[in-house]
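Inspection log for the structure reproduced underneath, given as structure tokens.
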Amino acid sequence: MELNNHFLDLKDSYLFSTVARKVREYQASHPGVKVYKLSIGDVTLPLAPVVIEAMHKAVDEMGKKETFRGYGPELGYDFLREKIQAYYKRLPVDLDLDEIIVSDGAKSDLGNILDIMSPNNKVLIPDPVYPAYVDVNIMAGRKIDTCAGNAENGFKPMPNDSYKADVIYICSPNNPTGAVYTKDELKAWVDYANKQNALIIFDAAYEAFVQDKSLPHSIFEIEGARTCALEICSFSKTAGFTGTRCGYTIVPKELKFNGISANALWNRRQSTKFNGTPYIIQRAAEAVFTDEGQKQIQANLEYYRENARIIKNALVEKGIYCVGGENSPYIWLKCPNGMKSWEFFDKLLNEKGVVGTPGAGFGENGEGFFRLTAFGDRETTIEAVKRITEIL
């Protein structure tokens with residue numbers, strides 16, 4: 001018996017675990033002092049009333065013999081997949097129903113999708129980046145190369161012939177930087193992937209924050225994407241499902257490598273290893289796409305967008321370089337006076353009781369930068385911004 005020793009190659013602590021530990025230590029030494037958190041990207045507003053109503057109705061159904069549901073379809077109920085299909089149609093993106101596979105969230109799919117890929121694949125991941133992209137590939141023992149995001153390219157690295165990748169990760173709007181690729185920029189990545197016979201894993205978890213009509217919500221708005229990309233999305237930030245757990249992955253039928261269908265493999269993987277997202281949760285997700293659901297979640301999204309505007313405007317007024325905030329819930333700022341990321345974190349926490357996320361935790365190119373999130377409540381956001389600008 002041998003355990004997977006690739007786990008030993010991981011960093012000792014997950015980024016957000018380190019942040020949480022430092023906050024606990026601060027609170028232990030400063031009893032009664034309030035901490036203002038603009039760090040972890042968790043939502044703070046409750047689920048929309050229409051979602052709660054749908055959940056209650058579904059719970060009642062589970063208590064009656066004639067409406068009880070046992071095992072559901074592993075790939076998701078048609079009533080939800082049809083709503084997702086119609087949602088994409090407005091972009092406009094046409095999807096077949098069996099190209100949409102419902103899951104318990106984007107994070108699960110980001111890790112599980114590696115099951116259908118060869119362990120020999122070379123992976124290209126932007127830096128800075130959401131740490132899970134790196135960690136799941138380290139766990140699988142894959143070779144990882146990075147493409148640098150920086151102030152010069154607006155934290156939107158572009159393809160070049162020096163990359164020899166089989167799998168490419170793209171997150172737009174980006175976590176942690178808030179940068180959003182244009183259609184032309186995504187087209188360059190799609191063309192590169194098709195040329196290299198590579199796969200793009202496109203993380204669209206924050207697409208609902210895109211307001212600029214010229215910017216894409218989905219990679220499938222780009223010509224050629226259906227032969228080189230799959231898309232992972234979530235209800236977590238769109239509708240506040242961080243604790244409710246529901247997402248989906250879109251795998252086009254045209255996506256084939258060496259004549260093998262990625263859609264068929266993903267369907268087989270999910271059917272074997274996953275029993276499906278609970279019926280109650282899928283009814284809740286369905287309610288998000290009703291007219292009233294869209295109205296209610298847009299109100300919540302606008303609350304977070306206003307938080308983002310408050311944060312970004314304050315930074316701009318102070319002359320601090322920052323990215324994101326307009327079409328993203330994240331604001332990525334340059335630490336003042338040449339400070340390192342964790343140095344700035346400690347200064348904010350110890351002097352002002354404010355918590356953000358050090359950019360160095362997202363990769364080497366994140367050093368010297370800092371992430372703030374718009375997912376806090378309004379009072380916390382306003383006070384935290386006030387305290388941050390006092391230091392700046």
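Keep in mind it's a predicted model, so treat the numbers as computed, not measured.
- Under a cutoff of 6.0 Å and an axis angle of 45°, Arg81 and Tyr248 do not form a cation-pi pair.
- Here the CG atom belonging to Asp9 is positioned 9.0 Å from the CG atom belonging to Asn4, to the nearest 0.5 angstrom.
- Using a 4.0 Å cut-off between charged nitrogen and carboxylate oxygen, Glu99 and Lys253 do not count as a salt-bridge pair.
- In this structure, the side chains of Thr277 and Arg245 stay at 4.5 Å or more apart for every pair of heavy atoms.
- Lys347 places a side-chain heavy atom less than 4.5 Å from the side chain of Ile391.
- The side-chain heavy atoms of Tyr330 and Asn175, taken from C-beta on, include a pair separated by under 4.5 Å.
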Next item on the list: Please test Lys156 against Glu185 for side-chain contact (heavy atoms from CB on, under 4.5 Å), starting from the C-alpha separation and ending with a verdict.
Entry: CA-CA 9 Å; Lys156 295 186 289 184; Glu185 289 165 343; 3.1 Å; yes
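- For the ring pair (Phe, Tyr, Trp, His ring centres under 6.0 Å) test, residues two or more places apart in sequence or in another chain that qualify with His30 are Tyr26.
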Notebook entry, point to check: Stepwise, does the ring-ring contact (aromatic ring centres under 6.0 Å, His included) test hold for Phe289 with Phe79?
Noted result: CA-CA 11 Å; Phe289 295 109; Phe79 62 73; over 10 Å; no
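- No salt bridge links Lys340 with Glu367; every basic N to acidic carboxylate O contact stays at or beyond 4.0 Å.
- The salt bridge (Lys or Arg N to Asp or Glu O under 4.0 Å) check on Lys37 picks up nothing, with sequence neighbours excluded.
- Side-chain atoms of Lys65 do not come within 3.5 Å of backbone N or O of Met62 as any donor-acceptor pair.
- Taking the ring centre of Tyr303 as origin, the terminal cationic atom of Arg378 falls inside the region bounded by 6.0 Å and 45° from the ring axis.
- Counting heavy atoms from C-beta outward, Pro358 and Val19 have side chains that approach closer than 4.5 Å.
- Between Tyr206 and Phe375, the ring planes are tilted. Angles from 30° to 60° get that label.
- A distance of 8.0 Å separates CD1 of Ile382 from CG of Asn307, quoted to the nearest 0.5 Å.
- Side-chain contact between Leu75 and Val102 is absent, with no heavy atoms from C-beta onward closer than 4.5 Å.
- Two residues are said to be in side-chain contact when any heavy atoms from C-beta on lie closer than 4.5 Å; His217 and Glu231 fail this criterion.
- Judged purely by distance below 3.5 Å, without hydrogens or angles, the side chains of Thr182 and Asp184 never pair a donor atom with an acceptor atom.
- Using bins of under 30°, 30° to 60° and over 60° for the plane-to-plane angle, the ring pair Tyr304/Phe209 lands in the tilted bin.
- Of the options Phe362, Phe344, Phe155, a ring pair (Phe, Tyr, Trp, His ring centres under 6.0 Å) to Phe369 is made by Phe155 and by none of the others.
- Salt bridge status for Asp60 with Lys64: absent, with no side-chain N to carboxylate O gap under 4.0 Å.
- No donor-acceptor pair under 3.5 Å is formed between the side chain of Thr177 and the backbone N or O of Asn174.
- Within the 4.5 Å cutoff, no side-chain heavy atoms of Glu221 are placed close to those of Leu215.
- Put simply, the side chain of Met117 reaches to within 4.5 Å of the side chain of Leu114, judged on heavy atoms.
- With salt bridges taken as basic N to acidic carboxylate O contacts below 4.0 Å, none links Lys22 and Glu25.
- Looking at Arg142, its side chain does come within 3.5 Å of a backbone N or O of Ser118 through a donor-acceptor pair.
- The side chain to side chain donor-acceptor pair (under 3.5 Å) search around Glu82 returns none, not counting sequence neighbours.
- Screening Leu110, Ile201, Ile232 against Thr249 for a side-chain contact (heavy atoms from CB on, under 4.5 Å) leaves a single residue, Ile232.
- Of the possible polar contacts, none joining the Asp166 side chain to the Ala198 backbone as a donor-acceptor pair under 3.5 Å is found.
- Within a 6.0 Å sphere centred on CD of Glu223, heavy atoms belonging to other residues, nucleotides or ligands number 12 at most.
- Separation of the Phe220 and Phe202 ring centroids does not fall under the 6.0 Å cut-off.
- Considering Tyr133, Tyr169, Tyr130 as possible partners of Asp203, the one that fulfils the side chain to side chain donor-acceptor pair (under 3.5 Å) test is Tyr133.
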